[in-house]
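Have a look at the structure below before the remarks.
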Amino acid sequence: MVLAYTSRLSPITRRRLAVFRGNRRAWVSLWVFLALFAGSLAAELIANDKPLVLRYDGEWYVPLLVDYPETEFGGFLPTGTDYHDPFIRERLAEHGWALWPVIPFSYQTLDMQMRRPSPAPPSPRHWLGTDDQGRDVLARVIYGFRLSVAFALVLTAGSLILGVLIGGIQGYFGGKTDLIGQRLTEIWSGLPVLFLLIILASLVQPGFWWLLGIMLLFSWLGLVDVVRAEFLRARNLEYVRAAKAMGLPPRLIMWRHVLPNAMVATLTFVPFLFTGAITTLTALDFLGFGLPPGSPSLGELVAQGKNNLHAPWLGITAFVSLSLMLSLLVFIGEGLRDAFDPHHVQHAASTSPMPRTPADA
């Protein structure tokens with residue numbers, strides 16, 4: 001099926017794909033990153049303080065999807081069940097069984113059965129230890145990885161849309177539109193983003209979408225110059241002039257004829273926008289101006305490593321997690337850069353064997 005799909009691609013796209021696959025480091029990094037992200041998407045199935053499924057007195061229960069009251073399992077309170085409660089676990093063992101995730105703790109679960117003060121070192125119960133509040137570090141890394149990647153995906157997509165739209169309008173129309181647009185973007189890029197975030201964080205409670213909206217106001221600026229230059233170059237080409245002479249409206253010319261060429265240079269910046277979004281979110285969480293307290297944040301884990309130097313596993317875990325994630329993204333970005341580089345594509349075309357035709361057989 002993959003071969004059939006590849007055969008429908010254009011020759012230049014197949015050559016770029018071949019160049020990217022030829023970069024073994026980028027190709028392996030892509031699959032490793034996709035595997036880690038796919039695993040983080042199933043974080044509730046891997047790390048959770050509720051059983052995946054249990055059977056009690058002949059009845060089936062799915063605590064992962066339904067919040068059952070404690071009275072359902074012989075308790076006395078109508079509140080949600082704490083499945084780590086020794087009384088509840090004893091009842092489940094006597095009247096049925098429960099299937100637990102690999103890590104029986106969520107990112108916000110406080111382990112009340114610990115025998116050592118927090119932060120506790122790695123142990124069979126907590127593979128990467130606990131933080132200073134008694135929460136499982138590995139669970140917080142899994143959830144934090146998913147949150148960071150999701151934040152970077154949405155921010156990168158929004159930045160790509162705004163950067164291409166504004167840069168394309170400036171480059172295609174030129175003249176006063178380009179002049180005014182350049183002056184406005186220069187003024188906007190000169191604003192101190194970090195100071196604005198700190199000031200706004202003192203006025204409102206920061207959250208995922210709040211941070212995303214504020215960062216989206218500035219993250220597109222890096223793409224405008226690249227897109228603008230590509231549109232300025234392409235608007236004077238012969239096929240664009242021919243489209244104008246045929247009476248096509250500017251929006252169709254920009255979409256059909258100019259944008260595909262501009263995206264070649266733009267897409268090489270996407271992995272680096274991605275890494276920039278992750279590092280910015282981590283820095284804000286580290287400084288305390290990011291996500292709300294208790295969120296599964298890698299930046300908060302870095303801050304805990306700084307504040308608990310006697311617990312080196314916190315800093316080591318944060319360093320390894322961030323360095324692995326960012327290294328994979330940088331390697332993928334290098335592969336994309338080579339794949340869209342005309343020199344690499346021409347070299348791949350000159351060294352690859354020509355396809356045989358029936359006349360050659």
Side-chain angles (χ1 to χ4, degrees), residues 144-232 251 254-255 258-259 262-263 265-293 295-300 302-303 322 325-326 329-330 333 336:
F145 182 91
R146 182 178 66 180
L147 183 63
S148 299
V149 174
F151 184 89
L153 277 174
V154 179
L155 183 61
T156 302
S159 303
L160 193 62
I161 294 173
L162 288 178
V164 170
L165 179 62
I166 297 174
I169 292 174
Q170 288 185 216
Y172 181 80
F173 293 102
K176 292 183 178 179
T177 302
D178 183 31
L179 182 63
I180 296 174
Q182 281 295 96
R183 301 292 82 76
L184 291 177
T185 53
E186 289 173 1
I187 295 173
W188 194 251
S189 62
L191 296 177
V193 183
L194 183 59
F195 290 158
L196 288 176
L197 288 171
I198 293 175
I199 294 172
L200 293 174
S202 62
L203 300 177
V204 297
Q205 176 65 39
F208 182 90
W209 296 108
W210 185 89
L211 280 177
L212 185 66
I214 295 298
M215 292 178 61
L216 186 58
L217 294 176
F218 301 92
S219 59
W220 54 270
L221 292 170
L223 287 174
V224 171
D225 292 337
V226 178
V227 178
R228 170 180 169 271
E230 291 295 324
F231 271 73
L232 281 172
R251 59 183 179 83
M254 295 169 64
W255 177 259
V258 185
L259 182 60
M263 290 304 293
T266 304
L267 288 177
T268 59
F269 284 83
V270 169
F272 304 101
L273 283 175
F274 203 92
T275 56
I278 293 176
T279 53
T280 302
L281 178 63
T282 302
L284 290 174
D285 289 334
F286 174 77
L287 296 174
F289 300 106
L291 297 172
S295 302
S297 166
L298 297 179
E300 192 260 349
V302 175
L322 287 171
M325 183 195 311
L326 297 178
L329 290 173
V330 168
L336 286 176

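Predicted, not measured: the structure shown is a model, and the values here were computed from it.
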Subject >> Minimum-distance pair of heavy atoms, taken over all atoms of L298 and S148 >> reply: CD1-OG, 4.0 Å

Subject >> Test side chain to side chain contact (heavy atoms under 4.5 Å, CB included) applied to F274 and L155, step by step >> reply: CA-CA 8 Å; F274 203 92; L155 183 61; over 6 Å; no

Subject >> L165 side, atom CG; L223 side, atom CG - distance, nearest 0.5 Å >> reply: 12.0 Å

Original post:
Looking only at heavy atoms, what is the nearest atom pair of I169 and M254, with distance?
Top reply: N-CE, 4.0 Å

**OP:** Kindly indicate whether the side chain of L291, heavy atoms from C-beta on, has any atom under 4.5 Å from the side chain of L281.
**Re:** yes

Original post:
Rounded to the nearest 0.5 Å, how far apart are CG of L221 and CD of E186?
Top reply: 11.0 Å

Original post:
Which atoms form the tightest heavy-atom contact between P271 and L336, and what is the distance?
Top reply: CG-CD1, 3.4 Å

Original post:
So, S297 side chain and G299 main chain: donor-acceptor pair closer than 3.5 Å or not?
Top reply: yes

**OP:** Quick one: pull up CG in L147 and CD1 in I278 and give me the separation to the nearest 0.5 Å.
**Re:** 10.5 Å

**OP:** Quick one: closest heavy-atom pair of L211 and F289, and the distance?
**Re:** CD2-O, 3.9 Å

Original post:
For the atom pair CG (L179) and CG (L184), what is the distance rounded to the nearest 0.5 Å?
Top reply: 9.5 Å

Subject >> Stepwise side chain to side chain contact (heavy atoms under 4.5 Å, CB included) test for T266 and E230 >> reply: CA-CA 9 Å; T266 304; E230 291 295 324; 5.6 Å; no

**OP:** Please confirm whether the backbone N or O of F272 pairs with a side-chain atom of T275, one donor and one acceptor, at under 3.5 Å?
**Re:** yes

**OP:** Determine the interplanar angle of the W188 and F218 rings, folded into 0 to 90°, and report it as parallel if under 30°, tilted if 30 to 60°, perpendicular if over 60°.
**Re:** parallel

**OP:** For D285 and E300, indicate whether the former's side chain and the latter's backbone hold a donor-acceptor pair under 3.5 Å.
**Re:** no

Subject >> Crowding at CZ, F145 (>12 non-hydrogen neighbours, <6.0 Å) >> reply: yes

Original post:
Between CZ of R183 and CG of D178, what distance do you get to the nearest 0.5 Å?
Top reply: 8.5 Å

**OP:** Quick one: closest heavy-atom pair of S159 and W220, and the distance?
**Re:** O-CB, 3.6 Å

Original post:
Roughly how far, to the nearest 0.5 Å, is CG of L191 from CG of L217?
Top reply: 10.0 Å

